[in-house]
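One structure is given below, encoded as structure tokens.
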There are 2 protein chains.
Amino acid sequence: MIKIGELAKISGCSVQTIRHYEKEQLLSAKLRSDGNFRLYDHADIERLLFIKHCRSLDLSLAEIRQLLTLHHSPMSQCDDVNQMIEQHIEQVERRIAELTLLNKQLKALRRSCTSKRTVEHCGILKQLNKAVSQSN
Amino acid sequence: MIKIGELAKISGCSVQTIRHYEKEQLLSAKLRSDGNFRLYDHADIERLLFIKHCRSLDLSLAEIRQLLTLHHSPMSQCDDVNQMIEQHIEQVERRIAELTLLNKQLKALRRSCTSKRTVEHCGILKQLNKAVSQSN
DNA sequence: TTAAAGTCTATAGTAACTATAGAGTCAATA
DNA sequence: TATTGACTCTATAGTTACTATAGACTTTAA
Ligand SMILES: [Zn+2]
Ligand SMILES: [Zn+2]
Ligand SMILES: [Zn+2]
Ligand SMILES: [Zn+2]
């Protein structure tokens, strides 16, 4: 059995993050030492690494909680897992599209300034203001 | 002079958002009515639309505050504005790259499930677990 | 006159952490 | 053995840009 600091080292999560996951019911130390220190075993390490991998895919803690539950009810169907992943993919693709558009706009904005001018004549601020009077 | 509700309608921001911008020192009603209601004029409308446009470019409130300050010190140089916009572009591009990678991984994960199986044999959960034992 | 709609301040919640404070525990050294 | 330092504990507040209340007050219209 290891203490939280070692689990943090092994997993690459911070100690606070591990305690946070406990509060969020993703991972719990089943045992405590005499001095009330959390104690973890190998299964806990694997569970935390699973969580970490899911987080690297930007899954929310709520989604991970759901996956962990399904994980431990092996007779349930795949459909829930599938649907979640698909929705997640859609969300990521929406965000990519948004940011791509944003990027274009920002670059156009950037081009409107040729520097070495005073802000008074700055194309960037002019552009930002033009947009204002247009939408107004 | 208009009240906050009308400013909200004109700008498309919510009333709470406008009050929030005031707390964040982006926009203030210089006048109050007898009954202590905020009163706004045309300049305020423009200022709020400017803020809104900047927000649509995902600029943070702190960045917008900085732009508004420069805006009203017309003799300062463009460089600060430029640098901010450039950093912002870099950040957006980093995020796009991250999400693009994420998207690939999620799609691969999605392909590993052919549905209609029980979770016990689900390729998705198997994949997520494989990654765990690999990094372990 | 009274009811509805609008506004006020202050406070809490959102997501997933991060960072304290203040107290207790443990291992190793002097 | 005493004490230092590292570690851990709980609880609380901060981050970002809002959103959503509660409870009181003001204004407008019927
Ligand atoms: Zn998701
Ligand atoms: Zn410029
Ligand atoms: Zn930025
Ligand atoms: Zn499956």
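Letters go in sequence order (proteins before strands), and every chain restarts at 1.
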Choose from D/dA17, C/dC17, C/dT18 the nucleotide whose nearest atom is closest to any side-chain atom of A/Leu61. C/dC17
Counting side-chain heavy atoms from C-beta on, which of C/dA16, D/dT19, D/dA17 comes nearest to B/Arg55? D/dA17
With a 4.5 Å limit on heavy-atom distance, are the side chains of A/Ile45 and A/Tyr40 in contact? no
Round to the nearest Å and state the distance from B/Ile18 atom CD1 to C/dT9 atom C1'. 17 Å
In whole angstrom, give the distance that lies between atom CZ of B/Arg95 and atom P of D/dT16. 17 Å
Take the protein atom CG of A/Leu57 and the nucleotide atom C1' of C/dA16, then report the distance between them rounded to whole Å. 16 Å
Determine: side-chain N/O of B/Thr17 to OP1/OP2 of D/dT19, distance under 4.0 Å, yes or no. yes
Between A/Ile10 and A/Leu48, is there a side-chain heavy-atom distance shorter than 4.5 Å? no
Can you tell me how far C1' of C/dC26 sits from CE of A/Met1, to the nearest Å? 18 Å
Between A/His20 and A/Ser33, which has a closest nucleotide on DNA chain C that is more 5'? A/His20
Look at B/Ser60 and D/dT16 and indicate whether a side-chain polar atom (N or O) is within less than 4.0 Å of OP1 or OP2. no
For A/Gln91 and C/dA15, what is the distance between atoms CD and C1' respectively, to the nearest whole Å? 12 Å
With no hydrogens and no angle check, just 3.5 Å: does a side-chain donor-acceptor pair link B/Asn103 and A/Glu93? yes
Establish, with yes or no, whether the OP1 or OP2 oxygen of C/dA16 is under 4.0 angstrom from a side-chain nitrogen or oxygen of A/Tyr21. no
Are more than 12 heavy atoms, taken from residues, nucleotides or ligands other than A/Lys30, located less than 6.0 Å from that residue's NZ atom? yes
Taken to the nearest whole Å, CG/A/Asp34 to C1'/C/dA27 is 15 Å
Straight-line distance of B/Cys13 SG to B/Ile4 CD1, nearest 0.5 Å: 10.0 Å
For A/His88 and A/Gln83, indicate whether the former's side chain and the latter's backbone hold a donor-acceptor pair under 3.5 Å. no
Rounded to 10°, the angle between the first-five-pair and last-five-pair axes of the helix from C/dT1-D/dA30 to C/dA30-D/dT1 is 30°
Charged N to carboxylate O under 4.0 angstrom, A/Asp58 versus B/Arg95? yes
Give, for atom CG of B/Leu109 and atom NE2 of A/His53, the distance between the pair rounded to the nearest 0.5 Å. 7.5 Å
To the nearest Å, give me how far apart NZ (A/Lys52) and C1' (C/dA16) are. 15 Å
Ion pair check, B/Glu98 and B/Lys104, cut-off under 4.0 Å: no
Show the distances under 3.5 angstrom between N or O atoms of the protein and N or O atoms of nucleotides 8-14 of chain D.
residue : atom : partner : partner atom : Å
D/dT8   : OP1  : A/Gly5  : N            : 2.7
D/dC9   : OP1  : A/Arg38 : N            : 2.6
D/dC9   : OP1  : A/Arg38 : NH1          : 3.1
D/dC9   : OP2  : A/Arg19 : NH1          : 2.7
D/dC9   : OP2  : A/Arg38 : NH1          : 3.1
D/dC9   : O5'  : A/Arg38 : NH1          : 3.4
D/dT10  : OP1  : A/Arg32 : NH1          : 3.3
D/dT10  : OP1  : A/Arg32 : NH2          : 3.2
D/dT10  : OP2  : A/Arg38 : NH1          : 2.9
D/dT10  : OP2  : A/Arg38 : NH2          : 2.7

Nearest whole Å is fine: how far is C/dA15 P from A/Leu26 CG? 13 Å
